[in-house]
Every structure is written in structure tokens, then in C-alpha cells.
Amino acid sequence: MNTQSNQAIQTKIFGHRGYPAKFPENSLAGFRYVVAHQIDGVEFDVHLTSDRIPVIMHDETIDRTTDGTGRIVDYTLAELRQFKLSNGESIPTLDELLDVFENKDVWINLEFKTDNMPTKTLKKSLCQWSTNTNCCIRLSTHHLICRR
């Protein structure tokens, strides 16, 4: 019995941390660009500030990608706002980034870099964008949640 499908395999193109070859890594400008150019999906990482606000950043510190230094978890969101990416943008929050994807046909692959993501914050952020968004969520390295 042939178990193979007659469907063609499709490759998906993802913007990793936005489009860092053209824009600062994890900048809203980079994510807006890839969405405007009909990329299939995006991948990014989320950390919590000391006041438990999810922000978009790959590293645990802001040293490499902003004009500041230190660990994200040691700053409140208000304190983080003083530091800028190289294009002058602030470090985006998860809510700000999800607004970019609202009503867009884009796969979202996000990894929460913490096991301490508050459920209420997570639900508030993720439930505010449209149901036609494809999403794959990694909570640290232990949990995987996908929705299509």
C-alpha cells in the first residue's frame, strides 16, 4: 500500500529575528518589512523584564543589540525603553510585535526563553491577534504549542 501523499512538499521562508541583513535584529522595522514582502513566517525569542513584561530579544542581555548593557530580567520595561536598537527603536514588547502580524497570513514561531512565563500575560498577548494566524510557540525547551 502506498502511504505517500500526492501533495507537493512546500518550503516555507522565515524571517529569523526579522530581516537582520537589512534592519536591526528584532526591530519592528525588520518584521514589518518581511510581512510586507509576503514572507511565509517569522521566528523570534521572548524574555521577561523584571516587571514580567514579555519583550523581543534573542540574548539574555541587551549588550549586543542595543546601546545599553545588562540582563533583561534586571530591568523594568520602563527602564529598558531608554535603550535603543541601532535604528533608534526601543526593544519591542510581544504585544507590539503581535500587532505587526494582526490579520496577516504569516507563520509565527516564537520561543519563550523562560520557564516562568506568567499564564495570564501569555494568554493576554496571544489571544489578542486573529484566529487566522499560524503559530508555533516554544515555551523554553520543554513545551511546544502549535495552532493553525
Side-chain angles (χ1 to χ4, degrees), residues 2-49 51-68 72-73 75 77-78 80-148:
N2 184 357
T3 58
Q4 286 187 319
S5 169
N6 290 332
Q7 294 178 346
I9 296 173
Q10 294 181 335
T11 301
K12 301 249 184 246
I13 308 292
F14 273 67
H16 186 244
R17 302 180 202 157
Y19 185 15
K22 186 172 178 84
F23 299 93
E25 181 179 306
N26 291 315
S27 66
L28 292 177
F31 286 109
R32 285 186 189 110
Y33 181 88
V34 297
V35 168
H37 288 82
Q38 300 171 347
I39 194 136
D40 295 313
V42 294
E43 185 280 339
F44 55 90
D45 305 298
V46 177
H47 287 272
L48 287 178
T49 61
D51 51 348
R52 306 188 59 76
I53 305 298
V55 295
I56 310 306
M57 182 69 61
H58 174 74
D59 303 342
E60 291 180 2
T61 69
I62 60 173
D63 303 29
R64 184 175 62 82
T65 56
T66 74
D67 59 359
I72 293 166
V73 72
Y75 289 105
L77 179 61
L80 268 185
R81 292 293 193 190
Q82 70 183 313
F83 305 115
K84 304 296 179 194
L85 303 172
S86 64
N87 67 349
E89 287 183 19
S90 296
I91 298 167
T93 65
L94 178 59
D95 286 342
E96 291 168 340
L97 184 55
L98 290 176
D99 286 346
V100 172
F101 308 133
E102 183 68 34
N103 296 316
K104 305 289 191 258
D105 187 21
V106 60
W107 283 87
I108 300 171
N109 181 354
L110 61 126
E111 181 175 356
F112 288 98
K113 298 282 193 156
T114 178
D115 286 329
N116 298 316
M117 178 58 68
T119 303
K120 190 174 189 177
T121 301
L122 176 64
K123 284 182 181 177
K124 178 179 176 270
S125 295
L126 298 179
C127 291
Q128 288 179 351
W129 40 277
S130 83
T131 57
N132 70 346
T133 302
N134 299 305
C135 185
C136 188
I137 305 162
R138 231 178 297 143
L139 301 173
S140 183
T141 56
H142 308 293
H143 304 86
L144 185 63
I145 303 167
C146 292
R147 182 186 74 183
R148 179 168 179 172

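Only heavy atoms go into these numbers, but all of them, side chains included; no hydrogens, no water, no symmetry mates. Nothing fancy with the numbering, it's 1 onward along the sequence.
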Output for pair (I56 CD1, F31 CZ), nearest 0.5 Å, gives 6.5 Å
By side chain to side chain contact (heavy atoms under 4.5 Å, CB included) - contacts of D51 (at least two apart):
T49, I53, T76, L77
I'd like to know if the side chain of H47 and the backbone of D59 have a donor-acceptor N/O pair within less than 3.5 Å.
yes
Could you pull out all residues at least two apart from D40 that satisfy side-chain hydrogen bond (donor to acceptor under 3.5 Å, both in side chains)?
none
Nearest-0.5 Å distance, CD1 of residue I91 to NZ of residue K84:
9.0 Å
State, yes or no, whether a side-chain contact exists between Y75 and I62 at a heavy-atom distance under 4.5 Å.
yes
Test of understanding: with side-chain hydrogen bond (donor to acceptor under 3.5 Å, both in side chains), list the residues that count as partners of T66, not counting sequence neighbours.
none
Crowded around E89 CD? As in, over 12 foreign heavy atoms under 6.0 Å?
yes
Which pairs, with at least one residue in residues 20-39 and sequence neighbours excluded, count as a side-chain hydrogen bond (donor to acceptor under 3.5 Å, both in side chains)?
R17-E25, E25-R64
Output the distance between atom OG1 (T65) and atom CZ (F83), rounded to the nearest 0.5 Å.
11.5 Å
Close side-chain approach of F44 and L94, heavy atoms under 4.5 Å
yes
Looking at residues at least two apart in the chain, or sitting in another chain, which of them share a side chain to side chain contact (heavy atoms under 4.5 Å, CB included) with E96?
L28, R81, P92, T93
